[in-house]
There are 2 protein chains.
Amino acid sequence: MTKARKAILARLKSAKQPISVTELAKQLSDFCNPVTVYRNLHYLENNNLATSFVLHCSDHGTERYYSAKEGKGHHHWFHCESCHQFIDLGGCFYTEQMRQFETEHGFTVHDHTFYLTGICEDCKQELGS
Amino acid sequence: MTKARKAILARLKSAKQPISVTELAKQLSDFCNPVTVYRNLHYLENNNLATSFVLHCSDHGTERYYSAKEGKGHHHWFHCESCHQFIDLGGCFYTEQMRQFETEHGFTVHDHTFYLTGICEDCKQELGS
DNA sequence: TTATATTTGCAAATGACTTGCAAAAAGCAG
DNA sequence: CTGCTTTTTGCAAGTCATTTGCAAATATAA
């Protein structure tokens with residue numbers, strides 16, 4: 001495992017929440033090229049060391065967010081469109097419902113996407129709304 | 001309302017399922033410029049005549065999909081990554097859960113995204129899997 | 001430690017989506 | 001209708017996330 005790869009994975013782990021490629025590349029800019037970040041994220045995801053999802057945020061547009069895969073199954077998140085922090089909503093609570101949809105409609109689910117966007121508690125206070 | 005606008009809205013209505021801007025622009029290519037499609041979709045969404053969401057599909061990448069807003073509240077969809085048809089999962093079933101998350105975490109939800117991707121019944125048979 | 005395979009950086013491409021600007025169409029007052 | 005103001009359109013060009021070709025650099029294996 002190369003040092004760039006190691007650094008990227010380490011940053012994903014320390015982040016404790018999903019992080020966009022743009023942000024990750026910025027943070028590691030002294031360390032490696034953005035292209036290397038993209039390529040290693042693909043590598044990590046293919047090798048089950050990271051997961052990602054695409055999220056659209058009004059400030060930053062549509063971006064893919066990555067997090068380290070460390071045992072604790074699939075999670076869903078709330079994203080604050082003011083401070084851009086994520087809040088963990090806990091483990092995936094849709095497995096059962098997805099099974100139901102599968103039998104009801106006959107399709108096979110390969111993936112699912114769920115996330116919330118809005119304003120977090122702290123930002124609500126700061127913005128006085 | 002201009003003829004381009006009318007045509008776009010008509011197509012959204014006749015589609016009965018979300019349609020990507022790319023696809024919509026292709027279908028209306030004899031009729032108006034893609035830029036006009038983009039601009040009118042923004043107009044329609046701002047005026048509550050259309051809704052959209054961002055979906056990532058392995059074949060077509062990340063695109064925004066639009067549908068006409070005709071009374072019948074917020075819906076969620078399954079997207080087949082083979083034939084690229086959508087299957088309606090019915091009205092939104094997350095309102096209650098979202099309220100719960102809001103009180104639990106103190107944030108205010110502005111929007112939520114949920115969709116499934118996979119292979120539909122018909123395509124499973126055709127692909128013999 | 002040399003030969004082979006993988007990874008990196010750079011430059012350039014892709015593709016969805018946006019924007020500036022001047023011409024064309026739509027609305028509107030008289 | 002007709003002239004005038006506002007909105008919309010098309011075109012060209014620009015963003016921005018993400019990908020790709022290629023040759024140099026690094027890692028891995030024999």
Side-chain angles (χ1 to χ4, degrees), chain A residues 1-12 15 18-67 79 81 84 86 111 113 115 117, chain B residues 1-12 18-67 79 81 84 111 113 115 117:
Chain A
M1 199 178 249
T2 71
K3 67 189 179 97
R5 190 113 91 207
K6 233 175 288 184
I8 291 166
L9 185 54
R11 187 68 262 275
L12 288 186
I19 181 169
S20 75
V21 189
T22 315
E23 180 60 27
L24 193 53
K26 198 183 297 167
Q27 292 181 11
L28 299 176
S29 61
D30 292 336
F31 207 78
C32 67
N33 193 282
V35 176
T36 300
V37 175
Y38 276 103
R39 284 198 270 231
N40 276 305
L41 288 171
H42 286 150
Y43 174 91
L44 293 172
E45 188 158 37
N46 290 336
N47 288 80
N48 266 298
L49 295 165
T51 8
S52 73
F53 60 94
V54 172
L55 175 141
H56 178 88
C57 148
S58 45
D59 280 1
H60 298 139
T62 305
E63 285 183 278
R64 190 169 279 274
Y65 290 75
Y66 285 83
S67 30
H79 178 73
E81 297 203 304
H84 301 290
F86 281 87
D111 199 12
T113 300
Y115 61 81
T117 53
Chain B
M1 199 179 248
T2 72
K3 67 192 180 100
R5 191 113 90 207
K6 233 175 290 183
I8 291 165
L9 185 53
R11 188 68 263 274
L12 288 186
I19 180 170
S20 75
V21 190
T22 315
E23 180 59 27
L24 193 52
K26 198 183 296 167
Q27 292 182 12
L28 299 176
S29 61
D30 292 336
F31 208 78
C32 68
N33 193 282
V35 177
T36 300
V37 176
Y38 276 104
R39 285 198 270 230
N40 276 305
L41 288 171
H42 286 151
Y43 174 92
L44 293 172
E45 188 157 38
N46 291 335
N47 288 80
N48 266 298
L49 296 166
T51 8
S52 73
F53 59 94
V54 172
L55 175 143
H56 179 87
C57 147
S58 45
D59 280 0
H60 298 139
T62 305
E63 284 183 277
R64 190 169 280 274
Y65 290 75
Y66 285 84
S67 30
H79 179 74
E81 297 203 303
H84 302 290
D111 200 10
T113 300
Y115 61 83
T117 53

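Heavy-atom basis, side chains included; hydrogens, waters and symmetry copies ignored. Since the model is a prediction, treat every value here as computed from it, not as a measurement. Proteins come first, then strands; the chains are lettered A, B, ... in the order of their sequence lines, and each starts at number 1.
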How close or far is atom [atom2] of [N] from atom [atom1] of [X], stated in whole angstroms?
| X | N | atom1 | atom2 | answer |
| --- | --- | --- | --- | --- |
| Lys6(A) | dT8(C) | NZ | C1' | 16 Å |
| His60(A) | dC16(D) | NE2 | P | 12 Å |
| Tyr43(A) | dT7(C) | OH | P | 6 Å |
| Lys3(B) | dA24(C) | NZ | P | 14 Å |
| Leu55(A) | dA17(D) | CG | C1' | 14 Å |
| Leu24(A) | dA17(D) | CG | P | 14 Å |
| Phe31(B) | dT8(D) | CZ | P | 16 Å |
| Asn33(A) | dT26(D) | CG | P | 15 Å |

Given side chains that start at C-beta, do those of [X] and [Y] come closer than 4.5 Å, heavy atoms only?
| X | Y | value |
| --- | --- | --- |
| Tyr38(B) | Val21(B) | yes |
| Leu55(A) | Glu63(A) | no |
| Ser52(B) | Leu41(B) | no |

Go nucleotide by nucleotide along DNA chain C from the 5' end; which of Val54(B) and Arg39(B) gets its closest nucleotide reached first?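 With Val54(B) and Arg39(B) compared, the 5'-side residue is Val54(B).
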
Give a yes/no verdict on a cation-pi contact between Arg5(A) and Tyr43(A), requiring under 6.0 Å between NZ or CZ and the six-membered ring centre and an angle within 45° of the axis.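 Output yes; distance and angle both within limits.
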
Any side-chain N or O of [X] below 4.0 angstrom from OP1/OP2 of [N]?
| X | N | answer |
| --- | --- | --- |
| Asn40(B) | dT8(D) | no |
| Thr22(A) | dC16(D) | no |
| His42(A) | dT19(D) | yes |
| Tyr38(B) | dC17(C) | yes |

Straight-line distance of Met1(A) CE to Leu44(A) CG, nearest 0.5 Å: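 Here the interatomic distance stands at 6.0 Å.
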
Of all the nucleotides listed ([options]), which has the minimum atom distance to the side chain of [X]?
| X | options | result |
| --- | --- | --- |
| Glu63(B) | dT18(D), dA16(C), dG20(C) | dA16(C) |
| Thr36(B) | dA26(C), dG10(D), dA27(D) | dG10(D) |
| Cys32(B) | dT8(C), dG10(D), dT7(D) | dG10(D) |
| Val35(B) | dT19(C), dT7(D), dA16(C) | dT19(C) |

Would you classify Thr62(B) as touching base, sugar-phosphate or nothing, given that sugar-phosphate means primed atoms plus P, OP1 and OP2, and contacts are heavy atoms under 4.0 Å?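 It contacts sugar-phosphate atoms only.
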
Which is true for Arg64(B) with a 4.0 Å heavy-atom rule: it touches a base, it touches only sugar-phosphate, or it touches nothing?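 It contacts sugar-phosphate atoms only.
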
